[in-house]
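Counting starts at 1 for both ligands and their atoms, following the listed order. What you see below is based on every heavy atom in this structure, not just the backbone, and it leaves out hydrogens, waters and symmetry mates.
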Amino acid sequence: MTKTVDNKEQEAATLASFIEIYCRENHKTPSLCAECADLLYYAKKRLDACPYDPKPKCKNCQTHCYAPANRVKIKAVMKFSGMFMVRRGRLDWLFKYFLSGKK
Ligand code: SF4
Ligand SMILES: [Zn+2]
């Protein structure tokens, strides 16, 4: 398996975790709600189609391939879940997120 594939799989797993936390804490549904499931599906599709190798962090990307509405949503998810993990002392997850991929 190439490093790019490893990084994409790690980023997909991180995205899923962040969206799950956001949904659980904000939408209070027993499992991922339809809106968050759609966002995760969309984000994974963008990740699969990313033209960069090595891939930069999406927040540092000049292309910004997300549709504006989904970009706003994913930013809110990353901010909320990032702060949630800081409050829970889950710095290991944040290091994984911020240190994976090219800055
Ligand atoms: S925003 Fe940029 S780095 Fe992120 S998936 Fe789209 S093209 Fe790739
Ligand atoms: Zn949700």
Side-chain angles (χ1 to χ4, degrees):
M1 195 181 289
T2 67
K3 189 155 178 50
T4 301
V5 172
D6 281 347
N7 285 344
K8 281 193 174 181
E9 284 185 358
Q10 186 180 6
E11 192 159 338
T14 303
L15 272 169
S17 297
F18 275 50
I19 291 173
E20 278 163 19
I21 289 169
Y22 181 87
C23 188
R24 188 184 70 222
E25 299 300 315
N26 290 283
H27 301 151
K28 314 283 183 192
T29 49
S31 58
L32 212 57
C33 75
E35 184 184 355
C36 292
D38 281 352
L39 182 62
L40 179 57
Y41 179 77
Y42 179 87
K44 284 184 170 176
K45 294 276 275 188
R46 294 289 84 208
L47 188 57
D48 283 344
C50 181
Y52 294 109
D53 185 13
K55 179 189 168 299
K57 287 286 176 207
C58 292
K59 67 186 172 90
N60 298 331
C61 176
Q62 299 301 310
T63 304
H64 297 309
C65 70
Y66 279 57
N70 281 335
R71 199 169 162 210
V72 169
K73 283 183 194 175
I74 201 74
K75 277 176 85 172
V77 165
M78 298 320 252
K79 185 173 178 190
F80 177 90
S81 296
M83 289 308 296
F84 183 88
M85 287 182 180
V86 168
R87 288 198 303 273
R88 293 291 189 281
R90 294 304 310 267
L91 298 179
D92 51 330
W93 264 102
L94 291 179
F95 282 127
K96 207 186 289 183
Y97 171 65
F98 285 112
L99 296 181
S100 68
K102 189 167 171 269
K103 298 282 178 208

Candidate pair Tyr52 and Thr63, rule side chain to side chain contact (heavy atoms under 4.5 Å, CB included), full reasoning: CA-CA 10 Å; Tyr52 294 109; Thr63 304; 2.3 Å; yes
Could you tell me the separation between the SG atom of Cys36 and the CG atom of Asn26, rounded to the nearest 0.5 Å? 8.0 Å
For residues 71-78, which side-chain N or O atoms pair as donor and acceptor with protein atoms under 3.5 Å away, sequence neighbours left out?
| residue | atom | partner | partner atom | Å |
| --- | --- | --- | --- | --- |
| Arg71 | NH2 | His64 | ND1 | 3.4 |
| Arg71 | NH2 | His64 | NE2 | 3.4 |

Within 45° of the axis and under 6.0 Å from the centre of the six-membered ring of Tyr22, does NZ or CZ of Arg24 qualify? no
Around atom 4 (Fe) of ligand 1, how many protein N, O or S atoms are closer than 2.8 Å? 1
Are Ile21 and Glu25 close enough, and set up right, to give a side chain to side chain contact (heavy atoms under 4.5 Å, CB included), and what steps lead you there? CA-CA 6 Å; Ile21 289 169; Glu25 299 300 315; 4.3 Å; yes
Which of the atoms of ligand 1 are close to Pro51, meaning less than 4.0 Å from one of its heavy atoms? 7 (S)
Do Tyr66 and Tyr42 have ring centroids that are under 6.0 Å from one another? yes
